[in-house]
Amino acid sequence: MIVRAHAKLNLSLDVLGKAANGYHDMRMVMQSVDFGDDIAIELTDGDFHLDPGQPYLPSDERNLAMKAARLFLEGSGLGARMTVTKRSPVGAGMAGGSSDAAAVLRALNELTGRQKSAAQLCQMAEKLGSDVPFCVQGGTALVEGRGEILTELPALPDCAIVIAKPSFSISTPALFARIDQRKSRMHPDTTGILAALEAGELSGVARRLFNVFEDVLPRNYGDIPLIKSELLSFGALGAAMTGTGSAVFGLFTDEDAARRAYNSLRPRFAESYLTRPSPRLEV
Ligand code: C5P
């Protein structure tokens with residue numbers, strides 16, 4: 001079976017506080033996109049094997065795809081052979097590794113006769129990482145708690161999406177530490193985004209894109225403001241960094257304008273993409 005691991009974007013990202021377990025209490029609107037890794041997967045008599053698709057990625061338990069396969073098949077006597085075609089950028093805030101893990105859970109559920117419900121898959125996903133539960137079904141969702149409380153939202157109206165990732169990545173724990181040090185900070189208008197999604201208004205969503213992590217980065221940090229202003233100058237309705245970065249994206253109604261923005265960014269940012277929103281998957 002070949003399964004697609006859709007990458008995700010954050011239409012909003014808010015950190016509400018720090019929980020007793022050390023994790024942060026989040027409130028985010030997430031959106032899956034129409035590109036990502038492909039994973040070819042087959043069951044075995046008990047052996048586990050992973051080709052991670054890139055020499056710099058681990059093929060053992062440090063890879064979430066392997067962790068997911070072992071967790072799903074625990075106690076069954078079965079194993080899995082997996083080959084990843086890697087397309088999602090690494091260290092981008094686009095859930096590259098998390099979406100691989102979620103895709104493995106979905107695929108193994110299919111291959112073993114669909115014995116698990118979406119809720120059961122999400123419980124497993126939560127053990128693998130905070131972004132994995134959303135990635136099981138994707139689409140458009142409000143994601144709260146550590147990442148495990150999901151509320152399906154009306155789909156983001158179809159649009160063109162341009163993404164560009166600067167060559168550096170940002171450390172997730174370091175970003176959370178910066179948030180913790182801040183006494184006051186801005187928050188996204190999550191209520192406004194939810195209302196705009198309900199009304200099917202792309203522009204209402206796009207002008208409210210906001211990520212609190214972007215707000216705690218040093219001023220003019222590593223091309224992020226530059227990519228944003230370039231996306232806006234080409235006609236994006238809104239632009240923001242996704243997750244803990246460093247990828248930045250813009251939403252466009254005009255496909256030609258999006259292509260012009262992509263063509264302009266691509267020579268400087270090799271990891272640039274032109275894509276669309278992708279719908280929620282049935283499990
Ligand atoms: O859950 P995951 O392994 O993806 O989290 C990676 C790191 O991000 C955690 O060790 C923690 O430092 C931070 N994190 C957090 N609060 C969350 C999600 C992640 O503090 N809700």
Side-chain angles (χ1 to χ4, degrees), residues 5-33 36-37 39 50 52 57-58 60-72 84 86 88-106 119-138 141-151 165 168-183 185-188 190 210-217 221 240-247:
H6 293 272
K8 65 89 176 153
L9 298 171
N10 282 85
L11 302 178
S12 71
L13 190 156
D14 202 4
V15 182
L16 303 180
K18 195 170 180 176
N21 60 7
Y23 280 93
H24 290 76
D25 197 18
M26 313 293 289
R27 192 162 196 240
M28 321 180 261
V29 178
M30 286 194 189
Q31 174 65 51
S32 53
V33 293
D37 304 340
I39 307 179
L50 171 68
L57 292 174
D60 58 15
E61 245 84 339
R62 289 169 298 162
N63 191 310
L64 279 180
M66 178 62 99
K67 231 173 157 175
R70 287 201 185 269
L71 179 67
F72 188 96
V84 181
K86 197 77 200 157
S88 293
V90 174
M94 294 176 64
S98 300
S99 62
D100 287 353
V104 166
L105 295 180
R106 270 201 327 270
Q120 285 172 310
L121 289 186
C122 278
Q123 272 172 15
M124 274 189 208
E126 196 186 329
K127 293 187 186 151
L128 297 165
S130 304
D131 283 346
V132 188
F134 166 76
C135 294
V136 171
Q137 291 192 272
L142 179 67
V143 182
E144 296 174 286
R146 196 193 125 203
E148 79 287 14
I149 305 171
L150 304 173
T151 310
K165 184 194 170 288
F168 67 93
S169 296
I170 307 171
S171 145
T172 297
L175 269 186
F176 276 111
R178 275 180 173 270
I179 290 273
D180 295 340
Q181 283 156 14
R182 279 279 179 106
K183 287 208 173 59
R185 58 176 181 270
M186 309 244 284
H187 294 279
T190 310
F210 186 77
N211 180 342
V212 292
F213 284 133
E214 208 183 306
D215 200 36
V216 300
L217 288 174
Y221 194 71
M241 186 176 88
T242 174
T244 51
S246 60

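Just so you know, ligand 1 is whichever comes first in the structure, and atom 1 is the first atom listed for that ligand. Because the structure is predicted, anything quoted here is derived from the model rather than measured.
Residue-to-ligand polar distances place S130 within reach of ligand 1: an N/O pair is separated by less than 3.5 Å.
Interface of G129 with ligand 1, defined as ligand atoms under 4.0 Å from a residue heavy atom, comprises 1 (O). The atoms of ligand 1 that sit less than 4.0 Å from any heavy atom of M26 are 21 (N).
Atom 17 (C) of ligand 1 has Y23 CD2, 3.6 Å as its closest protein atom, hydrogens excluded (heavy atom only). Nearest protein heavy-atom contact of atom 16 (N) of ligand 1 is H24 N, 2.8 Å.
For atom 6 (C) of ligand 1, the nearest protein heavy atom is 4.0 Å or more away. Protein heavy atoms are found less than 4.0 angstrom from atom 14 (N) of ligand 1.
Side-chain contact between V84 and P52 is absent, with no heavy atoms from C-beta onward closer than 4.5 Å.
Using a 4.0 Å cut-off between heavy atoms, R146 contacts ligand 1 through both its backbone and its side chain. Counting heavy atoms under 4.0 Å from ligand 1, residue F176 touches it through the side chain alone.
Residue T172 places a heavy atom under 4.0 Å from ligand 1.
Here the closest heavy-atom approach between residue A65 and residue D100 is recorded as CB-CB, 4.3 Å. The shortest non-hydrogen separation linking R185 to R182 is NH1-O, 4.3 Å. The two residues V136 and A125 make their nearest non-hydrogen contact at CG2-CB, 3.9 Å. Residues R146 and G129 share a closest heavy-atom pair of NH2-C, 3.5 Å.
For the pair K67 and E61, the salt-bridge criterion is not met [side-chain N within less than 4.0 Å of a carboxylate O].
N10 places a side-chain N or O within donor-acceptor distance of the main-chain N or O of G243, the cut-off being under 3.5 Å.
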